[in-house]
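Chain naming here is simple, since letters A, B, ... match the order of the sequence lines and numbering starts at 1 in each.
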Protein chains: 4
Amino acid sequence: MPVQKITKEEIITIAAGVFRQKGYHNTSMSDLAEACGLTKGLFYHYFSSKEELMKAVLQGVHFHFKKSLFAPAFGNALSPQEKLEKFLGKAKRLFATVDGGCLMANTALETLGTNVEFTPFIRAFFEDWISAMAHIYEHTYQPEVARKVAEEIVQEFEGAVLFMRIYGETRFIDEMLKRAQLRFVQPH
Amino acid sequence: MPVQKITKEEIITIAAGVFRQKGYHNTSMSDLAEACGLTKGLFYHYFSSKEELMKAVLQGVHFHFKKSLFAPAFGNALSPQEKLEKFLGKAKRLFATVDGGCLMANTALETLGTNVEFTPFIRAFFEDWISAMAHIYEHTYQPEVARKVAEEIVQEFEGAVLFMRIYGETRFIDEMLKRAQLRFVQPH
Amino acid sequence: MPVQKITKEEIITIAAGVFRQKGYHNTSMSDLAEACGLTKGLFYHYFSSKEELMKAVLQGVHFHFKKSLFAPAFGNALSPQEKLEKFLGKAKRLFATVDGGCLMANTALETLGTNVEFTPFIRAFFEDWISAMAHIYEHTYQPEVARKVAEEIVQEFEGAVLFMRIYGETRFIDEMLKRAQLRFVQPH
Amino acid sequence: MPVQKITKEEIITIAAGVFRQKGYHNTSMSDLAEACGLTKGLFYHYFSSKEELMKAVLQGVHFHFKKSLFAPAFGNALSPQEKLEKFLGKAKRLFATVDGGCLMANTALETLGTNVEFTPFIRAFFEDWISAMAHIYEHTYQPEVARKVAEEIVQEFEGAVLFMRIYGETRFIDEMLKRAQLRFVQPH
DNA sequence: TATGAATGAGGCTTCATTCAT
DNA sequence: GATGAATGAAGCCTCATTCAT
């Protein structure tokens, strides 16, 4: 069996990083091929177009978040309080990277108006995120209210990521997480 | 006096719209020229480069918001409550456009990692926005707290704009505005 | 009588300097207009095209050299030896400018193959230069030999200017001038 | 093995010819692509920019002259007299082309003032040329004198090429070569 | 699988020149 | 005379993609 230099998954991971930092339209296939150590020609053996690659990246990122962040929120191993703490801690680690922030939000703002083919992937991601948060907050709120709270918290999260990037300060994330925790124990 | 097809200000206004909908890197000088009814060559009579144009656009948008949104927040003609209502109403009208949302946030997420020359303009805009909101909320909160509240509300606002665009529903804006009003009369 | 901001002669002088330093094709009409403090539009009131301007420049430079360098070589006020010394001294002052060297030679090498319209002006200039030198050297040589010597000296002069520019050292001019003087008193 | 329409070396050779005849700034990438039978886009597979191409051309020309003209001057197979004759004969064949003359001198006069990146290549070329000639003339002169003589002869050579091009007559080269030979047997 | 040559369109920008005022 | 808007072609370069090997 020939040794594979690089897997599709690895390409997706690398591409996700490049897209996150540089944006979709500002990233060229050359950038991506180079980042993966592949020739441009070979790159097209893995992904037939930039658009297909981006879809795979969005799916890959979604999958990654689902596995490591969203799914555990539905597990029963931990108490709701513990789940929330774990969730927020992981979320911070995943997002609070000043160099690029949240690929999904970046891609949303950059492409929603022009590249409709990405919209379903973006929606699905946020849908899952909201659902996971809603599930956790159902411990404190009625389901419908929990859903609203979850929506608000995700919005606040993305707002905080934006500010983190604008000002280069992670405190916006920390402060936001505190508010999220507060709403769990002390509804308003 | 030379007759002009179009003024710099008009170009800036049109370009702001195009950039807002299509993004910075996905907008070509041809797109802009066409949108303005100009030849590509003539564009460089007005702006020496795409980058300079974008800076002018960011400044222009900032100026527009300052005049119509931020500055009135510091006036004395209205009661704080009225000012807040006017402010939020205007903000909604200015931002709640599904076709593009907020140019500043779009540009921030798209260019912060790669086009540092835009960062000061983006920061200045948000700084002014926060200051205006903080001033209003100083009616209810101590100055330092008001500043924090203002930061949070701007973040929530941008989060709501993101959701509005992702889901194509303006309700996120409306709900967010209600929360902002609530925090004015009922601190938490 | 309206005061003229700038005369054609002044434009020619300025343009000659710019062309000498930047070359013909690398100099834009904007460069020239700016160097003269004129708007591009007005520039075309003085010269109908870049080509016409260049012709005027070449003529102007030729005229300038004729008046200050070539013509005196035919005068009778000085002894041949003195004339030669004056001639070479002036030539040095006129050419030994590291920033651009000799416009005629620059233009020759740059345009002879593509812009035939300049050739007559270049030829006329060198013709006059050779004639002047030949006249001086007729004191020492037979007319036909003097002509050959003059041709050689002009060639050496341009070779020295080339080297001066390549190495940024004026010694090549000085050494060349010494050789020219030597050939006046000590034929070989 | 990939089949290539054309090799880098061939491109360099063709480009050298075009640059020699048309000059650096007056030669467009389209001109070069067309001359090579390539599309413009493909050109950038081989050379990352016009400037890089020009550097490669200057290096290529230098290499060509080194191999066929300069290096043999240091060999021992021939007598000094024979080496000189061979050298001058080859030099004539290489330079005495009315359509463009000497690329190095053309490029020097055109770009020394504005494109400093080419200067080292031009200097290296002339340095080698002078060294080769100096080596030959060391048969007749002391090393230091030989160096001066070589410098002079190269200058005269370029002066002669200039005149050849201005007047369209190769006699200037022939006459110059005769003088060079004379200085070998009959120092002055 | 793997290479990198090849394509053709399009990107940003500059230029010589003209024209209306 | 004087301005600077306006034009259209061209200049350098990049890009997504395809193809022959």
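Residues satisfying the ring pair (Phe, Tyr, Trp, His ring centres under 6.0 Å) criterion with Y24(B), sequence neighbours excluded, are F19(B), F118(B). K50(C) meets the salt bridge (charged side-chain N to carboxylate O under 4.0 Å, His left out) test with no other residue; sequence neighbours excluded. Listed by chain and number, the residues in a salt bridge (charged side-chain N to carboxylate O under 4.0 Å, His left out) with E34(C) amount to none (sequence neighbours excluded).
When atom types are taken as modelled, the side chain of T107(C) and the backbone of M104(C) share no donor-acceptor pair closer than 3.5 angstrom.
Heavy-atom distances to DNA chain F give each of G41(A) and G41(B) a nearest nucleotide, and the one nearer the 5′ end belongs to G41(B). Both L42(D) and T39(A) lie near DNA chain E, and the one whose nearest nucleotide falls closer to the 5' end is T39(A).
Note that K8(C) lies in the cation-pi zone of F47(C), set by a 6.0 Å cut-off to the ring centre and a 45° limit from the axis.
Rounded to whole angstrom, the span from the OH atom of Y44(D) across to the C1' atom of dG10(E) amounts to 14 Å. Put simply, CG on L38(A) is 16 Å from P on dA16(F), counting in whole angstrom units. Per the geometry, CZ belonging to F47(D) stands 11 Å off P belonging to dA5(E), to the nearest Å. L53(B) places its CG atom 15 Å from the P atom of dG11(E), with the value rounded to the nearest Å.
Out of dA2(E), dA16(F), dT13(E), the shortest distance to the side chain of K50(A) is found at dA16(F). Of the candidate nucleotides dA5(E), dA5(F), dG10(E), dG10(E) has the atom lying nearest to any side-chain atom of K40(D).
I6(A) approaches Y46(A) most closely through the heavy-atom pair O-OH, 3.3 Å. Listed here is the closest heavy atom pair of S49(B) and Y44(B): CA-CE2, 3.9 Å. Nearest heavy atoms, A16(A) versus V61(A): CB-CG2, 3.9 Å.
For dG1(F), one of the phosphate oxygens OP1 or OP2 lies less than 4.0 angstrom from a side-chain nitrogen or oxygen of H45(C).
Of all the residues in residues 11-37 of chain C, T27(C), S28(C), M29(C) reach under 4.0 Å from DNA chain E with at least one non-hydrogen atom. Applying a 4.0 Å cut-off to non-hydrogen atoms, none of the residues of residues 106-113 of chain B approaches DNA chain E.
Evaluated for a side-chain hydrogen bond (donor to acceptor under 3.5 Å, both in side chains) with K22(B), the options D31(B), T27(B), N106(B) yield exactly one hit, D31(B).
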Self-check item: Nucleotide-level pairing of DNA chain F, given in dot-bracket where Watson-Crick and G-U pairs need both distances under 3.5 Å and | marks other strands
Solution: .||||||||||||||||||||
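Put simply, the side chain of H25(C) reaches to within 4.5 Å of the side chain of T114(C), judged on heavy atoms. Using a 4.5 Å heavy-atom cutoff, the side chains of T39(C) and L42(C) are in contact.
Among the protein residues, Y46(D) comes within range of the sugar-phosphate backbone only, with heavy atoms under 4.0 Å from sugar or phosphate atoms but none that close to a base.
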